[in-house]
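All remarks here apply to the structure that follows.
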Amino acid sequence: AKYRDIQLVKTIRRAWRFSPYYRELLANCVHRVRGTADLECVPILSKEDLAANCFEMLTEAELPTRVGLSSGTSYGDVAKSTNDSDLLSNLSAPAILFQGTEELKAIHYLHARLLSEPIDSDELTLAINNGVHGTSSIPIPSAITIPLSKPFHLAVIRRFLTTQLPFGSHKRRITRLVGSLNQMLAFASYLDQHPANDLALRSIAVYGTYLGQRQREHLEGIFHCPILNYYGISEIAGAVAEECVVCRGFHFPPIVVPEVIDLVHLKPTKGDFGELLLTGLLPYCSIQPILRLRTGDLVQVVRDCPVDKDI
């Protein structure tokens, strides 16, 4: 909590000082923020705000290391009309995301910690690349990344999982599979028709969509291993939360600040349900600060987890 308080003050003041967008937005509250408890005085950022002001948010004139587009609702691919003839003319403005070296370090660290086996391990992770977000942009240590965009890729994944791979001093097996929930459900349907009885999987990690209990039981029945769920958004570097095996809540790393607000007054909720807001902290949001972003995701607050006292 103390780390977040310190970094939040630095993040707010840097955004106010160097970003044209935040210089005006934070003028009345920049010196009132002393920690996460004061974050309520900072205006809430919608995904429409992010799309409209992504260039004005920048704090540096140097070229970013990476430019990306959000794969969520801020991507801009939802038309105002359902008429196909109006599809192109009614597209909303896209959100453009800018990331520097520090942001990529955060993504790399979290992917390495959450999604891969230890570097010195004999075990391997197979990461499915969906071409948009998740495991697609940053290499993962001790992992092999392959695509799933065509039907024959399903057979390729199966072959990797059933083969002793000649990498290193001796043959190794894929023990962990990582991909979006929709990809995993598609691959599970393929395995249902093309069974593989010699898998060495010890766990599967899914992201992109919330994993329901029926889906978890379905996947565990096919893969015969635990299914781990991750939550994340592409707008903020490092905003990846791991599902806790104890409380089944999602614990965020200290480089982001989670909040939950009620849907009526848009104030921090004292109840158990609300919409999730996320704030990225320095040094992982140095180029494009994103403060109190409305994720559009409805969440339940988990309190008094014995593993982590945070949300």
If we only count heavy atoms from C-beta on, is the [X] to [Y] side-chain gap below 4.5 Å?
{"X": "L199", "Y": "T162", "result": "yes"}
{"X": "F187", "Y": "L177", "result": "yes"}
{"X": "R32", "Y": "D38", "result": "no"}
{"X": "Q7", "Y": "T279", "result": "no"}
{"X": "S180", "Y": "I128", "result": "no"}
{"X": "T59", "Y": "P289", "result": "yes"}
{"X": "Q99", "Y": "P64", "result": "no"}
{"X": "L298", "Y": "F273", "result": "no"}

Might you point out which heavy atoms bring [X] and [Y] nearest each other, and give the distance in Å?
{"X": "A200", "Y": "R173", "value": "N-NH2, 3.7 Å"}
{"X": "A196", "Y": "L191", "value": "CB-CD2, 4.2 Å"}
{"X": "G280", "Y": "C285", "value": "O-SG, 3.3 Å"}
{"X": "G249", "Y": "V302", "value": "CA-CG2, 3.9 Å"}
{"X": "A95", "Y": "L50", "value": "CB-CG, 4.2 Å"}
{"X": "V260", "Y": "G274", "value": "CG1-CA, 3.6 Å"}

Which pairs, with at least one residue in residues 213-225 and sequence neighbours excluded, count as a side-chain hydrogen bond (donor to acceptor under 3.5 Å, both in side chains)?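 Of all non-adjacent pairs touching residues 213-225, those that pass side-chain hydrogen bond (donor to acceptor under 3.5 Å, both in side chains) are Q213-E217, R216-E243.
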Write out all pairs satisfying side-chain hydrogen bond (donor to acceptor under 3.5 Å, both in side chains) with one or both partners inside residues 285-294, taking only residues at least two apart or from two chains. E259-R292, E275-R294
Could you check I233 against L293 for side chain to side chain contact (heavy atoms under 4.5 Å, CB included), going step by step and ending with a plain yes or no? CA-CA 10 Å; I233 63 172; L293 176 67; 4.0 Å; yes
Count the heavy atoms of every other residue, nucleotide or ligand shown that sit under 6.0 Å from CZ of R17, and state whether that count exceeds 12.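 At most 12 heavy atoms, drawn from other residues, nucleotides or ligands, come within 6.0 Å of this atom.
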Can you tell me if CG on N28 sees more than 12 non-hydrogen neighbours from other groups inside 6.0 Å?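 At most 12 heavy atoms, drawn from other residues, nucleotides or ligands, come within 6.0 Å of this atom.
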Could you measure the distance from the [atom1] atom of [X] to the [atom2] atom of [Y]? Nearest 0.5 Å is fine.
{"X": "I174", "Y": "L165", "atom1": "CD1", "atom2": "CG", "result": "5.0 Å"}
{"X": "L277", "Y": "I290", "atom1": "CG", "atom2": "CD1", "result": "13.0 Å"}
{"X": "R23", "Y": "W16", "atom1": "CZ", "atom2": "CH2", "result": "9.0 Å"}
{"X": "I144", "Y": "L126", "atom1": "CD1", "atom2": "CG", "result": "6.5 Å"}
{"X": "I157", "Y": "L148", "atom1": "CD1", "atom2": "CG", "result": "4.5 Å"}
{"X": "R176", "Y": "S203", "atom1": "CZ", "atom2": "OG", "result": "4.0 Å"}

Can a salt bridge be assigned to the pair E60 and R14 using a cut-off of 4.0 Å between side-chain N and carboxylate O?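 A salt bridge is present here (some side-chain N lies under 4.0 Å from a carboxylate O).
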Check step by step if side chain to side chain contact (heavy atoms under 4.5 Å, CB included) holds for L278 and F252. CA-CA 10 Å; L278 290 178; F252 283 91; 3.8 Å; yes
Find out if a path of hydrophobic residues (ILVMFWY) with successive side-chain heavy-atom gaps under 4.5 Å connects [X] to [Y].
{"X": "L185", "Y": "L161", "value": "yes"}
{"X": "L154", "Y": "I222", "value": "yes"}
{"X": "V67", "Y": "F55", "value": "yes"}
{"X": "L281", "Y": "F18", "value": "no"}
{"X": "V256", "Y": "I261", "value": "no"}

Would you find a donor on one side and an acceptor on the other, under 3.5 Å apart, between the side chain of [X] and the backbone of [Y]?
{"X": "T11", "Y": "L282", "result": "yes"}
{"X": "T295", "Y": "L276", "result": "yes"}
{"X": "N53", "Y": "E56", "result": "no"}
{"X": "R158", "Y": "Y190", "result": "no"}
{"X": "D49", "Y": "S46", "result": "yes"}
{"X": "D5", "Y": "R34", "result": "no"}

L291 pairs by side-chain contact (heavy atoms from CB on, under 4.5 Å) with which of L45, I44, L25, L26? L26
Give me the ring orientation class for Y231 and F250: parallel if the planes are under 30° apart, tilted from 30 to 60°, perpendicular past 60°.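 Geometry flag for F250 against Y231: perpendicular rings.
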Flag for S189-D192: side-chain donor and acceptor within less than 3.5 Å: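 Per modelled atom types, D192 and S189 side chains form no pair under 3.5 Å.
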